[in-house]
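Comments concern the structure below.
Whatever order the structure lists them in is the order used to number ligands and atoms, beginning at 1.
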Amino acid sequence: MPAMQFHKPTSLDEAIALLASDPEAMPLAGGATLVAMMNAELIEPSALVSLGAIDELQMVEAAADGGVRIGAMVCHAALAADARLAAGHAVVRQAAAEIAHPTVRNIGTIGGAVAHGDPSSDLPAALVAADAVIEAAGPAGRRDIAAEDFFEDYLTTALEEVEMVAAIRLPASPAGAAGHYEKFARVHGDYATLSVAVMLAMAGGECSFTRIALAAAGPKPVRIEAAETRLVGSSLDDGAIADAANLLVEASDPVDDVRGSAEFRLMLVPRLLARAIAVARSQTEGGGA
Ligand SMILES: Cc1cc2nc3c(=O)[nH]c(=O)nc-3n(C[C@H](O)[C@H](O)[C@H](O)COP(=O)(O)OP(=O)(O)OC[C@H]3O[C@@H](n4cnc5c(N)ncnc54)[C@H](O)[C@@H]3O)c2cc1C
């Protein structure tokens, strides 16, 4: 068996060229998942292309319009500690803070989590709720993919062969918005049994904007516009939340696994949704009254 190659390019173009030249090569971010899969002999890359020395992937930049651009190699711990992820973007900061334990949060990166596309992981649902845009880079250049379209199926994303995640952009959240990520796990640090990611804004006692996405409720983050439409214009009363939860349950298709049965996961939807909305609402400007 030929020895595995290891490359450490210093630019994204160089990384893309290395990946394009060898179909069996794989990008290496934190390695938390990739190395575990190699150890389990699930994958056997011919080469690893480390993204660790590419400066542009390491940065978090706040734009003047309130948007935030997060480089693919930013680790979960850095995101969890970044005060610029405030207001509606707090949903992403909180999701990062809920991932596993400090060791994993110091190793795992947002780009790795997004590219892996595990529907039980925390960031994909939070990014869908935040209306995030994934910046992909490949031999044909760069393109933007809405997070909602990026996650296609279980461990399947819209990335083409050789395409990489370069960054994740969070558009400015609506004025006065707040975000919250409500995770239910068997024990602290486990993957979610179910999570609800919410961003919402209030105006005059009514919900003026909301985005909701579920993690671990199907083969990709579950977002259903009808649930959001049901809440907008309501006072977020119990009836509106119950209707929205029913719509989300209908759209969900969770698995039975060690973290919970499909039935149990569906039972969690209304409970976690109500909790997530209550917390987010209490943090909106004027919404907690
Ligand atoms: C013990 C343990 C517990 C965990 N618990 C949780 C949890 O509770 N919640 C949660 O959300 N996650 C959890 N994770 C996942 C973890 O947080 C990371 O998100 C995940 O490992 C991927 O990030 P990484 O940087 O390590 O990517 P890697 O392991 O380096 O890569 C993962 C995959 O993505 C590809 N890749 C990496 N970066 C890019 C890129 N920029 N562009 C294209 N492809 C890329 C790699 O080739 C590989 O196929 C856990 C992981 C471990 C090991």
Mind listing the N or O contacts between ligand 1 and protein, cut-off under 3.5 Å?
residue: ligand 1; atom: 8 (O); partner: Ala100; partner atom: N; Å: 3.2
residue: ligand 1; atom: 8 (O); partner: Lys183; partner atom: NZ; Å: 3.3
residue: ligand 1; atom: 8 (O); partner: Asp190; partner atom: O; Å: 3.4
residue: ligand 1; atom: 9 (N); partner: Asp122; partner atom: OD2; Å: 2.8
residue: ligand 1; atom: 11 (O); partner: Asp122; partner atom: N; Å: 2.7
residue: ligand 1; atom: 11 (O); partner: Asp122; partner atom: OD2; Å: 3.3
residue: ligand 1; atom: 14 (N); partner: Tyr191; partner atom: OH; Å: 2.9
residue: ligand 1; atom: 17 (O); partner: His76; partner atom: NE2; Å: 3.0
residue: ligand 1; atom: 19 (O); partner: His76; partner atom: NE2; Å: 3.0
residue: ligand 1; atom: 21 (O); partner: Thr33; partner atom: N; Å: 3.2
residue: ligand 1; atom: 21 (O); partner: Thr33; partner atom: OG1; Å: 2.5
residue: ligand 1; atom: 25 (O); partner: Gly30; partner atom: N; Å: 2.9
residue: ligand 1; atom: 25 (O); partner: Thr109; partner atom: N; Å: 2.8
residue: ligand 1; atom: 25 (O); partner: Thr109; partner atom: OG1; Å: 2.7
residue: ligand 1; atom: 26 (O); partner: Gly31; partner atom: N; Å: 3.2
residue: ligand 1; atom: 26 (O); partner: Ala32; partner atom: N; Å: 2.8
residue: ligand 1; atom: 29 (O); partner: Ala32; partner atom: N; Å: 3.3
residue: ligand 1; atom: 29 (O); partner: Thr33; partner atom: N; Å: 2.9
residue: ligand 1; atom: 29 (O); partner: Leu34; partner atom: N; Å: 2.7
residue: ligand 1; atom: 30 (O); partner: Ala29; partner atom: N; Å: 2.9
residue: ligand 1; atom: 30 (O); partner: Gly30; partner atom: N; Å: 3.3
residue: ligand 1; atom: 30 (O); partner: Gly31; partner atom: N; Å: 2.7
residue: ligand 1; atom: 41 (N); partner: Val165; partner atom: O; Å: 3.0
residue: ligand 1; atom: 42 (N); partner: Val165; partner atom: N; Å: 2.8
residue: ligand 1; atom: 47 (O); partner: Pro27; partner atom: O; Å: 2.5

Does a donor on one side chain sit under 3.5 Å from an acceptor on the other, for Gln283 and His180? no

Which pairs would a plain distance check flag for residues 3-19, meaning a side-chain donor or acceptor within less than 3.5 Å of a matching protein atom at least two apart in sequence or in another chain?
residue: Ser11; atom: OG; partner: Glu14; partner atom: N; Å: 3.1
residue: Glu14; atom: OE1; partner: Thr10; partner atom: N; Å: 3.2

Measuring from atom CE of Met73 to atom CG of Asp55, what distance do you get when rounded to the nearest 0.5 angstrom? 11.5 Å

What residues join Tyr191 in its hydrophobic cluster, counting side-chain heavy atom gaps under 4.5 Å, either direct or through other members? none

Could you tell me whether Arg223 and Glu228 have a side-chain N and a carboxylate O separated by less than 4.0 Å? yes

Please list all pairs meeting salt bridge (Lys or Arg N to Asp or Glu O under 4.0 Å) that have one or both residues in residues 95-124, counting only residues at least two apart or in different chains. Asp122-Lys183

